Amino acid sequence: MQFATIGDATLHVEASLRKGRPNVVFIHALGADLRIFDDVVEALARAEIGALRFDLRGHGLSDLGAPPRRIDDHARDVEALMENFGLERATICGVSVGGAIALALSERAPARVERLMLCCTGAKIGTEQSWNQRIAEVESDGVASIAEAVLRRWFPPDLYAAGGGAVALARNMISRTPVAGYIATCVALRDSDLSDAARAVRAPALCVAGEMDGSTPPELVKALDALLPGSRYREIAGAGHLPCLQKPAEFTTLTLDFIESAGA
C-alpha cells in the first residue's frame, strides 16, 4: 500500500509511473475512491502508460485533515502529490468533482497539465439549493441514506436494476464515505464556478460524457466543452456517470486516442 503525507493529511495513493512514457493522473468522483479506475489503469499499463491515482481527502483510506472548503484545496493536493512523486507533467483525467479539480489545477499550475481529460463534469455542477439539500440529508441521516438516489443517477436504469458487481462496489464506496469528507467536498462544489478556469485552458482538452448520465448529463458536458478553447467532445453510448467503471474498454480507448493524437 502506498501513501503520501500532504500537509496535515496522509493520502492513500497508487502510483505506477513510467519514466520516458506518458503518465495519467486520475481524480475520482464524489463519494467514490481510486478503485473506479482499476480496469482502465490495468489496460493502460499494457500500453506502457503510467498512472498516479489517489483517494481524495475524506474519501476511501485518505485522511480528511483540514476540510477542503474549495475545489482549489483539492487541486493543491494534486499539485503536491505530483511533486512528491517527481511527476513534472501529465495528462490530468478527472471524473465529476475530479474534473472540477483538474480544471482548478490547470488554473493553479498550468505547467503541470500536459493534457486535460474532463469526464462527466461541468464548470458549475448543481445549484446552491441542491447542494444544501444534500448536505442537510447527509448531516441528518449519514451518507448511506442517499446512496440509492445517487446510484440511480450514476447508472443507466437497466444496469441499476440488474445490480451486479459495479453497482455493489459503487454502493459500498458511497455508503462508507465519511460524513465530514463527503460534506466538505459538497461545500467545495456548491461554492465553485470554474467557467473562467475553463476559458483559460491552453492544454489539449477532451470532454467525455456518458450518454445516460443522470448526475452530469451530456448537455452539461457540452456546455463545458464550448468554454474550452479547441476542446473535443466525445460521448460514450450506454454509459452513466462513471464510464471508467461501467464502460472501461471504451473509456480506455478514448484515453489512448487522446494521448496519441495530442502527442505522446
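Side chains are part of it too, since the values below use all heavy atoms of this structure and drop only hydrogens, waters and symmetry mates. Computed from a predicted structure; not experimentally measured.
Without hydrogens or angle criteria, N23 side chain to R18 main chain gives a donor-acceptor distance under 3.5 Å. No donor-acceptor distance shorter than 3.5 angstrom exists from the side chain of D55 to the backbone of D33, with no hydrogens or angles considered. In terms of modelled atom types and a separation under 3.5 Å, the side chain of R21 and the main chain of E48 share a donor-acceptor contact. The main-chain N or O of M173 is found under 3.5 Å from a side-chain atom of T177 such that the two form a donor-acceptor pair. For S140 (side chain) and E137 (main-chain N/O), no donor-acceptor pair under 3.5 Å exists by modelled atom type. Judged by distance alone, the side chain of W131 and the main-chain N or O of I125 form a donor-acceptor pair under 3.5 Å.
With values rounded to the nearest 0.5 angstrom, L64 atom CG is found 8.0 Å from T185 atom OG1. The distance from atom CG of L52 to atom OG1 of T91, rounded to the nearest 0.5 Å, is 12.5 Å. With rounding to the nearest 0.5 angstrom, the CG atom of L56 is 4.5 Å from the CD1 atom of I101. Atom OG of S106 sits about 8.0 Å away from atom CG of L228, to the nearest 0.5 Å. The CD atom of E139 sits 9.5 Å away from the SG atom of C186 when rounded to the nearest 0.5 Å. Taken to the nearest 0.5 Å, the CZ atom of R134 stands 5.0 Å off from the CD1 atom of I146.
Considering only heavy atoms from C-beta on, L103 comes within 4.5 Å of L224 through its side chain. Using a 4.5 Å heavy-atom threshold, the side chains of C119 and F251 count as touching. Counting heavy atoms from C-beta on, the side chains of V78 and F54 come closer than 4.5 Å. Between L87 and V25, the closest side-chain pair of non-hydrogen atoms falls below 4.5 Å. Taking the side chain as every heavy atom from C-beta outward, E83 and R112 approach each other to under 4.5 Å. In this structure the side chain of L34 reaches within 4.5 angstrom of the side chain of H12, judged on heavy atoms. The side-chain heavy atoms of S195 and R199, taken from C-beta on, include a pair separated by under 4.5 Å. Using a 4.5 Å cut-off on side-chain heavy atoms (C-beta onward), V208 and V221 make no contact.
In plain terms, the two heavy atoms of A29 and I36 that are nearest each other are N-CD1, 4.1 Å. Of all non-hydrogen atoms in P248 and D39, the two that sit nearest each other are CB-CB, 3.7 Å. The two residues A102 and I92 have their closest heavy-atom pair at CB-CG2, 3.6 Å. Between F155 and A170 the shortest heavy-atom distance is CE1-CB, 3.7 Å. Shown here for M212 and P157, the closest heavy-atom pair between the two residues is CE-CD, 3.9 Å. G240 and C120 make their closest contact through O-SG, 3.9 Å (heavy atoms, listed as atom of the first residue, atom of the second, distance).
Surrounding CZ of F85 are more than 12 heavy atoms belonging to other residues, nucleotides or ligands, all under 6.0 Å away.
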**Message:** Please evaluate residues F3 and S62 with respect to the criterion side-chain contact (heavy atoms from CB on, under 4.5 Å), reporting the C-alpha separation (whole Å), side-chain torsions for both, the decisive distance (0.1 Å), and the verdict.
**Reply:** CA-CA 9 Å; F3 66 90; S62 289; over 6 Å; no

**Request:** Check step by step if side chain to side chain donor-acceptor pair (under 3.5 Å) holds for R232 and S261.
**Result:** CA-CA 11 Å; R232 283 170 277 175; S261 66; 2.9 Å; yes

**Verdict with reasoning, T252 to T255, per side chain to side chain donor-acceptor pair (under 3.5 Å)** = CA-CA 5 Å; T252 300; T255 306; 5.8 Å; no

**Request:** Show your working on side-chain contact (heavy atoms from CB on, under 4.5 Å) between V97 and I71 and close with a plain yes or no.
**Result:** CA-CA 8 Å; V97 70; I71 292 298; 3.8 Å; yes

**Item:** Residues Q2, E14; criterion side-chain contact (heavy atoms from CB on, under 4.5 Å); working and verdict
**Value:** CA-CA 6 Å; Q2 296 172 286; E14 288 196 6; 4.2 Å; yes

**Request:** Kindly indicate, with the supporting measurements, whether the criterion side-chain contact (heavy atoms from CB on, under 4.5 Å) is fulfilled by R171 and L151.
**Result:** CA-CA 7 Å; R171 179 181 291 113; L151 288 172; 3.7 Å; yes

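Taking R176 as the reference, nothing meets the side chain to side chain donor-acceptor pair (under 3.5 Å) condition, with sequence neighbours excluded.
Legend: side chain to side chain donor-acceptor pair (under 3.5 Å) pairs involving residues 116-126, not counting sequence neighbours: none detected. Residue pairs meeting the side chain to side chain donor-acceptor pair (under 3.5 Å) criterion with at least one member in residues 234-250, sequence neighbours excluded, are S96-H241, D213-H241, T216-H241, Y233-E235.
Salt bridge absent: R108 and D73 never bring a charged side-chain N and a carboxylate O closer than 4.0 Å. Under the 4.0 Å criterion applied to side-chain N and carboxylate O atoms, R190 and E128 are not assigned as salt-bridge partners. Ion pair E148/R152 not flagged as a salt bridge, since none of the NZ, NE, NH1 or NH2 atoms sits closer than 4.0 Å to an Asp/Glu carboxylate oxygen. Looking at R57 and D63, no side-chain N of the basic residue comes within less than 4.0 Å of a carboxylate O on the acidic one, giving no salt bridge.
Using a 4.5 Å cut-off between side-chain heavy atoms of Ile, Leu, Val, Met, Phe, Trp and Tyr, with links allowed through other members, V201 and L227 fall into different hydrophobic clusters.
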